[in-house]
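Residue numbering restarts at 1 for every chain, and letters A, B, ... go by the order of the sequence lines.
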Amino acid sequence: MADKQHLYLVDGSAYIFRAYHRLPPLTNPEGTPVGAVYGYTTMLWKLAEDLDKAEGPTHLAVVLDKSSQSFRNEIYDQYKANRPDPPEDLVPQFPLIRDATRAFSLPMIEEPGVEADDMIASYARAAAAKGWDVTIVSSDKDLMQLVGTSEQGGTIDMLDTMKSARIGPAEVEEKFGVAPELVGDVLALMGDSVDNIPGIFGVGPKTATKLIQDHGSLTAALDAAPEMKKSKLKERLLEHRADAELSRILVTLKEDCELPIAIDDMKLGKIPPEPLAAFLTQHGFGSLLRRLEGGNGGPGPKTQLHPAKPQNPDEAHAPQGNSQPLPEMPAIDRSAYACLQSVEQLDQWIEKAFAARLVAVDTETSALDAMQADLVGVSLAIGPNQACYIPLGHFNEGGGGDDMFAEKPQQIARETALAMLKPLLESDAVLKVGQNIKYDLNVLARHGIAVAPIEDTMIVSFALDAGRSQDGIGGGHGMDELAQRHLGHTCLTFKEICGTGKKAIPFGEVPIDRATEYAAEDADVTWRLYTHLKPRLAVEGGTRVYERVDRPLIPVVAGMERHGIKVDRQQLAALSERFARETARLEGEIHEIAGQEFTVGSPKQLGDILFDKMGYKGGKKGKSGQYSTDQSVLEKLDATGAPIATKVLEWRQLAKLKSTYTDALQQAINPKTNRVHTSYSLVGAQTGRLSSTDPNLQNIPIRTEIGREIRQAFVAEEGNVLLAADYSQIELRLAAHMADVAPLREAFAAGEDIHARTAQEMFGSVDRDTRARAKTINFAILYGISRWGLAGRLGIEADEAQDLIDIYFARFPGIQRYIVNTMETVRECGYSQTLFGRKTWFPRINSKNQAERQGSERAAVNAPIQGTSADIIKRAMARMGPALAEAGLKPDAPDGVRMLLQVHDELVFEMPEGLVEQARPVIQSVMADAAGPAIELTVPLGVEIGTGRNWDDAH
DNA sequence: CTGATCACG
DNA sequence: GACGTACGTGATCAGG
């Protein structure tokens with residue numbers, strides 16, 4: 001096969017303008033705007049990746065405008081005189097385009113006195129004349145004249161990388177109605193207001209096309225003018241003939257420019273990785289850098305990424321928050337906020353927000369539940385103190401929200417305002433920043449608005465500072481705390497505005513001026529926090545986990561929350577009733593044994609009854625001066641033959657199940673959707689795990705037969721099934737990988753029962769007892785072992801436990817080294833890291849309090865393992881939608897595959913029965929491959945999948 | 001509001 | 001010399 005040469009000519013200057021308007025306003029770690037540069041970089045990357053493909057380049061060069069002066073200015077001094085100045089934040093990006101091109105080691109052509117279009121035309125013709133194929137990477141209509149095939153058989157086409165569309169002769173004809181060689185004639189008639197090419201006044205694309213179609217050429221059309229029947233058009237053609245002829249010259253591309261670089265020297269090879277890596281690092285393009293290092297088909301050579309120890313010890317003790325100089329910002333001034341009560345005002349604000357390209361958004365609602373609350377208002381901020389509040393659902397005290405006679409303050413009709421906001425909130429070109437924006441996503445999704453692209457200051461804070469805050473609501477990432485810590489500002493609190501407890505009023509009843517101060521401040525603070533926190537990500541190594549793991553997850557989790565899961569109310573009600581009967585019976589029996597009535601549910605009363613009145617031994621008082629009556633104590637009593645202990649244990653189980661599950665879940669059913677919608681927190685667990693609240697669906701019973709009956713109440717819709725996909729032993733597998741434990745790795749690779757294998761190694765034989773003990777030891781390892789802890793669990797003495805630990809370390813070399821290394825690193829740096837770079841801080845790791853310190857040490861050993869597992873399932877979740885869509889499985893559609901729940905190492909889906917066999921392999925492979933390509937694990941990730949009508953059957 | 005207890009991974 | 005034992009969560013209840 002004779003390989004045909006294929007030259008790609010990239011119209012760099014034109015691209016950057018389009019990229020600027022298409023992409024959000026990103027900045028690099030130094031604060032330089034780089035959104036357009038990022039777009040340019042990804043485009044070059046994609047082109048370079050196509051090197052080996054059929055339609056891909058063999059040769060490639062970038063053509064840039066050196067100056068806007070050319071021969072055209074000499075013949076027409078008004079040429080391009082109307083060009084507006086480029087936007088302020090685009091100007092500094094021009095030189096970066098050159099840097100980017102050099103970073104890719106690509107030939108770059110920029111000649112003074114010649115426009116890029118002419119240079120592209122000259123190269124394209126020269127290459128086509130040699131019989132090469134040419135692709136012009138641009139969508140500039142002027143260049144469409146060039147499309148076609150040369151006598152030597154070389155084709156010239158165009159590629160619009162933003163729309164991934166090829167433009168050949170057919171596409172040109174579709175656009176202009178004429179063949180490519182006549183495009184210049186059409187353009188000459190049309191003119192171009194941006195380049196200030198006059199054309200013929202009053203002739204637009206439609207008329208121009210028709211004239212050329214009818215007469216065959218510009219000259220013929222102009223010549224035919226005198227014979228036309230009397231019309232405005234005829235007059236204009238006659239009067240402005242000279243303009244058209246001048247325009248024809250201006251739109252003609254100069255195809256004989258001197259070629260500064262020989263075409264043969266534009267050969268495209270493998271891109272040298274070093275300069276590219278330096279460039280990507282400088283501008284904080286973490287995702288590309290990761291691909292380069294991960295060798296994922298990127299343009300660079302394959303290299304293995306080494307999940308690193310934290311590199312920068314100085315970071316450890318850098319004070320958080322004020323370590324960076326605060327960007328100069330005026331103090332918060334609530335009197336500067338605007339309250340938008342008319343369509344005109346809102347219109348102006350939306351326009352300003354489009355221009356700002358970065359807007360902080362916050363919604364105010366009537367309640368905390370995003371699935372039920374009514375929208376009361378929206379606030380926006382586009383700069384410090386430049387914030388507004390748009391009241392939408394306010395009413396005066398006493399009136400009801402839906403009471404049409406209630407007195408309402410002046411406000412824009414809700415649907416009108418939302419229709420106006422929708423284009424802004426959905427525009428690709430405007431970044432929407434929120435504090436916990438998942439909430440706003442859900443509220444607005446219920447009004448048909450799909451907010452994107454998004455940023456979240458809470459998630460940014462979590463990527464930077466997980467674990468740093470000692471305590472506090474929102475895990476230390478709540479807005480009031482962040483404002484205090486980073487901006488030194490005390491926010492108005494919700495309590496101050498709405499009151500607390502019984503006297504609390506819904507936000508809709510807050511007077512509008514007061515509501516404006518509160519709501520607009522939230523948006524203002526969010527805007528400020530974003531500008532303050534975002535740059536820290538790149539500096540402190542948080543970009544990868546934020547951009548690649550957590551940020552993409554926000555809309556995914558929001559979708560899961562909106563889907564909810566169906567629970568069978570009747571089934572729960574029946575269980576509640578049964579549990580009520582049995583607890584009542586048990587209570588009577590317990591009172592009888594005790595010889596008096598008391599509150600069984602009170603540990604204090606129970607302790608007194610058991611150990612004082614009834615005189616059982618083994619009572620231990622804790623620091624509260626109260627006997628402990630927990631499960632282990634009661635089980636010991638039970639073993640000594642105390643019938644009351646058995647009954648109390650049974651009572652507790654049923655009471656727990658009834659109050660926490662069968663009663664509470666019925667209440668949690670959303671009356672509108674008839675489903676249960678949990679709320680996931682993305683910052684709930686310091687290790688990076690999700691947590692679930694209202695209700696918590698991550699602790700639904702499974703371990704006991706009676707508990708599993710509750711799980712059976714979680715069901716699929718009619719005609720659907722639930723599919724549960726579990727990672728098997730993921731944390732042990734990760735421990736085997738991260739600590740490089742050869743015997744464990746081999747056992748996993750061979751698909752062995754890992755606890756049995758451990759039992760074999762440790763005790764020399766496998767039976768029920770040794771396997772159970774081995775399982776306990778395996779978990780002990782993951783949690784940071786102590787001889788006393790293990791002794792307690794196994795019911796042996798501490799020194800026996802120590803012997804077992806020693807045997808474990810000897811049999812599984814690597815584990816001890818991993819533990820010691822991790823603790824040393826954390827002591828030194830203050831944080832641990834997952835394989836994907838997620839940090840967890842341990843501020844008490846060097847505490848003088850031994851218990852505190854040892855607690856931190858165990859947590860620090862566990863965090864990289866638990867956190868890596870969390871990263872992996874999060875990556876799987878983010879990829880699941882696109883993977884299902886590609887397989888035609890319609891993620892999120894009512895008749896497609898819907899992802900409903902995440903339980904740390906398990907994902908639960910709902911789907912029509914008929915899709916199961918198609919969905920199973922997709923889900924399986926997305927989950928099993930979720931660590932790659934960034935991380936190549938030395939153990940396979942096992943995924944077990946089951947299906948059934950209910951959640952229990954799906955296991 | 002805190003501590004004890006117990007549901008999950 | 002005493003401490004207090006596995007990591008990570010959230011909901012509920014009793015009691016101050």
base_contact_polar (B:dA7 base, A:Arg703 side chain, donor-acceptor, <3.5 Å):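 When only heavy-atom distances are counted, A:Arg703 does not reach the base of B:dA7 through any donor-acceptor pair under 3.5 Å.
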
Closest to side chain of [X], choosing from [options]:
X        : options               : answer
A:Lys656 : C:dG15, B:dA7, B:dG9  : B:dA7
A:Arg711 : C:dG15, B:dA4, B:dC8  : B:dC8
A:Arg858 : C:dC7, B:dG9, C:dT5   : C:dC7
A:Gln850 : B:dC6, C:dC3, C:dG10  : C:dC3
A:Thr599 : C:dT5, C:dA14, C:dA11 : C:dA14
A:Thr693 : B:dG9, C:dT9, C:dA11  : C:dA11
A:His904 : B:dC6, C:dG16, C:dG8  : C:dG8
A:Tyr783 : B:dA7, B:dT5, C:dC7   : C:dC7

What is the distance, to the nearest angstrom, from the [atom1] atom on [X] to the [atom2] atom on [N]?
X        : N      : atom1 : atom2 : answer
A:Leu634 : B:dA4  : CG    : P     : 15 Å
A:Asp905 : B:dG9  : CG    : C1'   : 6 Å
A:Lys658 : B:dC6  : NZ    : C1'   : 17 Å
A:Gln666 : C:dT12 : CD    : P     : 13 Å
A:Gln902 : C:dG10 : CD    : C1'   : 15 Å
A:Ile700 : C:dA11 : CD1   : C1'   : 11 Å
A:Gln631 : B:dC8  : CD    : C1'   : 14 Å
A:Lys775 : B:dG9  : NZ    : P     : 10 Å

Once you apply a heavy-atom cut-off of 4.0 Å, does [X] come out as touching a base, just sugar-phosphate, or nothing?
X        : value
A:Gly601 : sugar-phosphate
A:Ala859 : sugar-phosphate
A:Asn699 : base
A:Asn849 : nothing
A:Arg793 : base
A:Ala655 : nothing
A:Ile865 : nothing
A:Leu782 : nothing
A:Gln605 : sugar-phosphate
A:Thr776 : base
A:Glu731 : nothing
A:Ser869 : nothing

With a cut-off of less than 4.0 Å, is there a side-chain N or O of [X] near OP1 or OP2 of [N]?
X        : N      : answer
A:Arg652 : B:dC6  : yes
A:Thr629 : B:dT5  : yes
A:Ser691 : C:dG10 : yes

Option among A:Thr629, A:Thr583, A:Asp630 that satisfies the side chain to side chain donor-acceptor pair (under 3.5 Å) test with A:Arg652: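 Exactly one pass, corresponding to A:Thr629.
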
Regarding [X] and [Y], does a basic nitrogen lie under 4.0 Å from an acidic carboxylate oxygen?
X        : Y        : answer
A:Glu731 : A:Arg689 : yes
A:Arg771 : A:Asp753 : yes
A:Arg708 : A:Glu705 : yes
A:Arg838 : A:Asp550 : yes
A:Lys566 : A:Glu910 : no

When the [atom1] atoms of [M] and [N] are compared, how many Å lie between them, rounded to an integer?
N     : M     : atom1 : result
B:dG3 : C:dG4 : P     : 14 Å
B:dG9 : C:dT5 : P     : 24 Å
C:dA6 : B:dT5 : P     : 14 Å

A:Asn950 and A:Gln712 side chains, donor-acceptor separation under 3.5 Å: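 No, A:Asn950 and A:Gln712 have no side-chain donor paired with an acceptor closer than 3.5 Å.
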
A:Trp788 or A:Gln866, whichever maps to the more 5' nucleotide of DNA chain C: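 Comparing both residues, the 5'-ward one is A:Trp788.
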
Watson-Crick or G-U counterpart of C:dA2, or none if no pair lies under 3.5 Å: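 Base partner found: none.
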
Heavy-atom check, side chain of A:Phe579 versus side chain of A:Ile706, under 4.5 Å: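 In contact.
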
